[in-house]
Amino acid sequence: MTLRARIEPLSWESAFFGINSAILRPDDAAPDVMAESLAPWARVQAKIAARDSAQLDALQQLGFRLVEGEVDFCLAIGSAAVDPQAAVATQDDIPALRSLAAGIFSQSRFRAPWYDPQDSGRFYAQWIENAVRGTFDHQCLVFRGAGGDVRAFVSLRQLNASEARIGLLAGWGAGEMLMQAAVHWAQQRGLTALRVATQAGNTAAQNLYIKSGAAIAGTAYWLYR
């Protein structure tokens with residue numbers, strides 16, 4: 001069984017983690033992937049639709065191992081949305097946001113044994129800092145406690161003229177407010193759909209998204225070699 005795919009370097013991840021990394025992009029017009037074409041890379045990632053058992057089998061024959069499943073949701077944006085009065089994060093919030101993100105997202109597909117034990121938290125700390133600065137994600141919204149400290153956050157990125165995607169969302173007991181803030185953000189920009197993905201094992205997040213009106217749009221597997 002063969003797999004046709006392009007091998008694309010992951011320059012940012014290679015520099016950030018110090019691991020020469022690439023990703024496979026399945027493509028029927030590309031040549032068959034051979035073990036020797038993967039050899040130059042210390043880490044090769046692949047993301048495939050969970051329904052595609054043939055690609056899963058082909059990747060496993062090439063030495064790829066399953067890392068995690070992913071569930072993608074899509075929520076339709078109506079003409080009216082509740083404004084829960086979230087604040088836009090500022091650069092002064094970055095240290096607190098980095099600390100929160102590093103603790104909450106310490107277990108992800110960037111976990112050991114594939115990466116160093118601290119790398120998952122370090123990656124998401126950088127993600128949320130970038131969101132505050134408007135790089136990759138476009139904005140970070142926060143809710144604050146009585147003392148002004150950040151207690152919950154959500155980052156957002158506009159994908160195109162009609163869709164946005166939630167990047168990171170976290171905050172104990174604030175899930176519904178964060179979703180309202182994300183929906184209101186998208187509605188204010190005239191968008192019609194909001195996307196968000198989570199790990200297949202994160203049933204609390206899945207229940208939150210479904211309760212907020214989202215439907216499952218797809219499922220996928222991440223594999224590494």
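Just so you know, these numbers use all the heavy atoms, side chains as well, and skip hydrogens, waters and symmetry mates.
For Arg65 and Gln60, the side-chain atoms include no donor-acceptor pair closer than 3.5 Å. Ser120 and Ser108 share a side-chain donor-acceptor pair at under 3.5 Å. Between Gln158 and Arg189, the side chains place no donor N or O within less than 3.5 Å of an acceptor N or O (distance only, hydrogens not considered). A donor-acceptor pair shorter than 3.5 Å can be found between the side chains of Trp222 and Glu70.
Side-chain N or O atoms of Ser99 include none that pairs as donor or acceptor with a backbone N or O of Pro95 at under 3.5 Å. Between the side chain of Asn20 and the backbone N or O of Pro40, at least one donor-acceptor pair lies under 3.5 Å. Remark: the backbone N or O of Ile128 is not paired with any side-chain donor or acceptor of Ser155 at under 3.5 angstrom.
With contacts defined as side-chain heavy-atom distances shorter than 4.5 Å, the pair Ile19/Ser14 does not qualify. Counting only heavy atoms from C-beta outward, the side chains of Ile48 and Leu59 approach each other to under 4.5 Å. In this structure, the side chains of Phe17 and Asp116 stay at 4.5 Å or more apart for every pair of heavy atoms. A heavy-atom distance below 4.5 Å is not found between the side chains of Arg122 and Gln126. The shortest distance between side-chain heavy atoms of Phe73 and Gln206 falls below 4.5 Å. Using a 4.5 Å heavy-atom cutoff, the side chains of Val44 and Ser21 are not in contact. When side chains are defined from C-beta on, Leu208 counts as touching Met179, because their heavy atoms get closer than 4.5 Å. A 4.5 Å side-chain heavy-atom check between Leu194 and Val183 finds at least one atom pair inside the cut-off.
Residues Leu100 and Leu178 do not share a hydrophobic cluster, clusters being chains of Ile/Leu/Val/Met/Phe/Trp/Tyr side chains in contact below 4.5 Å.
With a 6.0 Å cutoff to the six-membered ring centre and a 45° limit on the axis angle, Arg109 does not count as a cation-pi contact of Tyr115. Remark: Arg51 fails to qualify as a cation-pi partner of Tyr221 under the 6.0 Å distance and 45° angle criteria applied to the six-membered ring. In this structure, Arg157 satisfies the cation-pi test against Phe136, with its NZ or CZ atom closer than 6.0 Å to the six-membered ring centre and inside 45 degrees of the ring normal.
Separation of the Phe110 and Trp114 ring centroids does not fall under the 6.0 Å cut-off.
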**OP:** Please test Asp83 against Gln85 for side-chain hydrogen bond (donor to acceptor under 3.5 Å, both in side chains), starting from the C-alpha separation and ending with a verdict.
**Re:** CA-CA 5 Å; Asp83 181 3; Gln85 300 296 310; 3.0 Å; yes
**OP:** Give the C-alpha distance, both sets of side-chain angles, the deciding distance and a yes or no for side chain to side chain contact (heavy atoms under 4.5 Å, CB included) between Arg133 and Ile94.
**Re:** CA-CA 9 Å; Arg133 298 186 187 280; Ile94 287 175; 3.6 Å; yes
Subject >> Audit row: Cys140, Val88, side chain to side chain contact (heavy atoms under 4.5 Å, CB included) steps and yes/no >> reply: CA-CA 6 Å; Cys140 176; Val88 176; over 6 Å; no
Original post:
So Phe153 and Val132, side chain to side chain contact (heavy atoms under 4.5 Å, CB included) or not? Walk me through it.
Top reply: CA-CA 11 Å; Phe153 62 86; Val132 175; over 6 Å; no
Subject >> Candidate pair Gln45 and Glu13, rule side-chain hydrogen bond (donor to acceptor under 3.5 Å, both in side chains), full reasoning >> reply: CA-CA 11 Å; Gln45 305 176 8; Glu13 288 188 19; 2.7 Å; yes
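Nearest heavy atom pair, residue Ser37 against residue Ile7, reads O-CD1, 3.6 Å. Across all non-hydrogen atoms, the minimal contact from Gly171 to Ala152 is CA-CB, 3.7 Å.
Rounded to the nearest 0.5 Å, atoms CZ (Arg195) and CD1 (Ile166) are 12.0 Å apart. To the nearest 0.5 Å, atom NE2 of residue His138 and atom CZ of residue Arg165 are 13.5 Å apart. Atoms CG and CG, on Leu168 and Asp137 in that order, are 6.5 Å from each other to the nearest 0.5 Å.
Between Phe123 and Trp127, the angle of the ring planes goes over 60°, which puts this pair in the perpendicular group of the 30/60° scheme.
Counting heavy atoms of neighbouring residues, nucleotides and ligands inside a 6.0 Å radius, atom CD of Gln61 exceeds 12 of them.
Contact check on Asp93 versus Arg98 returns no salt bridge, with no Lys/Arg side-chain nitrogen under 4.0 Å from an Asp/Glu carboxylate oxygen. A salt bridge is absent between Asp28 and Arg4: the closest approach of a Lys/Arg side-chain nitrogen to an acidic carboxylate oxygen does not fall below 4.0 angstrom.
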